Protein chains: 2
Amino acid sequence: MAVVRFTKQRQAVLEAVRNTDTHPDAAWVYAEVRKVLPNISLGTVYRSLEALVQEGHLMTIQSAGEATRYDARTEEDHYHLVCRGCGRIFDTHLRDVPDFRALLARMPQGFSIDDVLLEFHGTCEDCRRQ
Amino acid sequence: MAVVRFTKQRQAVLEAVRNTDTHPDAAWVYAEVRKVLPNISLGTVYRSLEALVQEGHLMTIQSAGEATRYDARTEEDHYHLVCRGCGRIFDTHLRDVPDFRALLARMPQGFSIDDVLLEFHGTCEDCRRQ
DNA sequence: ATCGATGCAAACGCTTTGCACTCTT
DNA sequence: AAGAGTGCAAAGCGTTTGCATCGAT
């Protein structure tokens, strides 16, 4: 079985993502963690991020054609607003968005749903002013 | 203004995507179109696909970490079931999925929504049997 | 004749991986 | 001591781009 080791690299990666609300990508995490662990490699950052996602400590945000971004707020049921202007990602707790998991039983074609990808793309207030 | 030219390459790319329901990626389209136009380049395929998306003839499907896939059925309001086992994409006309566009007026933070990305990830019937 | 589109190949950006070494367990 | 994790560098993959040429209008 997989024995997970809590190395300082993996801890630093998790802390970096937890201490921001910018939904950073791997390159940002790499730069950030380097301030604490100057010798950490980009490969280790990727491997750590992947492991942390698997363990449920992080979730990913896939924006078309861009680098994968990470979010440490996995417990709350929130959604992402991706701004096409500045690339920033905003969180929202849209009460009006229905619970898709309740729909799983009605899924067609014998398909069993593990995950629902729901993202909103548009323009944020700042970018609209221009 | 942009004068769009209807070249045989662009037509062949559109036909290739229209004549399949496999939601192909650029490499598949490239191989397919080569049967008709043996000299077409991969760059042209990408440029054609991009142009066709802009013109509204195709839509894209972004599956985490995979190649962008294309769909010629843009008019119907359907959703995609992405199988994690075999990678196939199934269409569904889920009547139960609400119309998100109706929610736009209630969006928070002054954010204006252009597009809603909604995909279901799971396992298809064939893959579940194993 | 114009200038958008093409073919080719090189380059790009993000991510993964092979390997020898390190350090947690 | 064992083997998961690391650092490094090279490679992988999908995609984009520079440029000379072609061809639709």
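Since we're looking at a predicted model, the values are computed, not measured. Order of the sequence lines fixes the chain letters, A, B, ..., with proteins taken first and strands second; residue numbering starts at 1 for each chain.
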- Query: How does protein reach along nucleotides 15-25 of chain D, written 5' to 3' as B (base within reach of a heavy atom under 4.0 Å), S (only sugar-phosphate), or - (no contact)?
  - Reply: BBBB----BBS

- Message: Quick test of your reading: applying salt bridge (Lys or Arg N to Asp or Glu O under 4.0 Å), list the pairs with at least one residue in residues 12-21 of chain B, sequence neighbours left out, ordered by first then second residue.
- Response: B:E15-B:R18

- Which residue pairs pass the side chain to side chain donor-acceptor pair (under 3.5 Å) test when at least one of the two sits in residues 42-51 of chain B, sequence neighbours left out? B:S41-B:T44

- Message: What is the separation between atom OH on A:Y30 and atom C1' on C:dT15, rounded to the nearest whole Å?
- Response: 14 Å

- Take atom CG of A:N39 and atom C1' of C:dC23, then tell me their distance rounded to the nearest Å. 15 Å

- Message: Going by side-chain hydrogen bond (donor to acceptor under 3.5 Å, both in side chains), name the residues that satisfy it together with B:T123, two or more places apart in sequence or in a different chain.
- Response: none

- Using atom CD1 of B:I40 as one end and atom C1' of C:dA5 as the other, report the distance to the nearest whole Å. 11 Å

- Message: Going by side-chain hydrogen bond (donor to acceptor under 3.5 Å, both in side chains), name the residues that satisfy it together with B:R5, two or more places apart in sequence or in a different chain.
- Response: none

- Distance test, side-chain N/O of A:Q9 to OP1/OP2 of C:dT24, below 4.0 Å: no

Would you be so kind as to tabulate the donor-acceptor pairs closer than 3.5 Å made by side chains of residues 54-61 of chain A, with sequence neighbours excluded?
unit_1 : atom_1 : unit_2 : atom_2 : d
A:E55  : OE1    : A:H57  : ND1    : 3.3

- Excluding sequence neighbours, so at least two apart, what forms ring pair (Phe, Tyr, Trp, His ring centres under 6.0 Å) with B:H121? none

- Message: How bent is the helix from C:dA1-D:dT25 to C:dT25-D:dA1, measuring the angle between the end axes built from five pairs each, rounded to 10°?
- Response: 40°

Throw together a table of side-chain donor-acceptor distances under 3.5 angstrom for residues 6-13 of chain B, partners on residues two or more places apart or in other chains.
unit_1 : atom_1 : unit_2 : atom_2 : d
B:T7   : OG1    : B:R10  : N      : 3.2
B:Q11  : NE2    : B:F6   : O      : 3.2

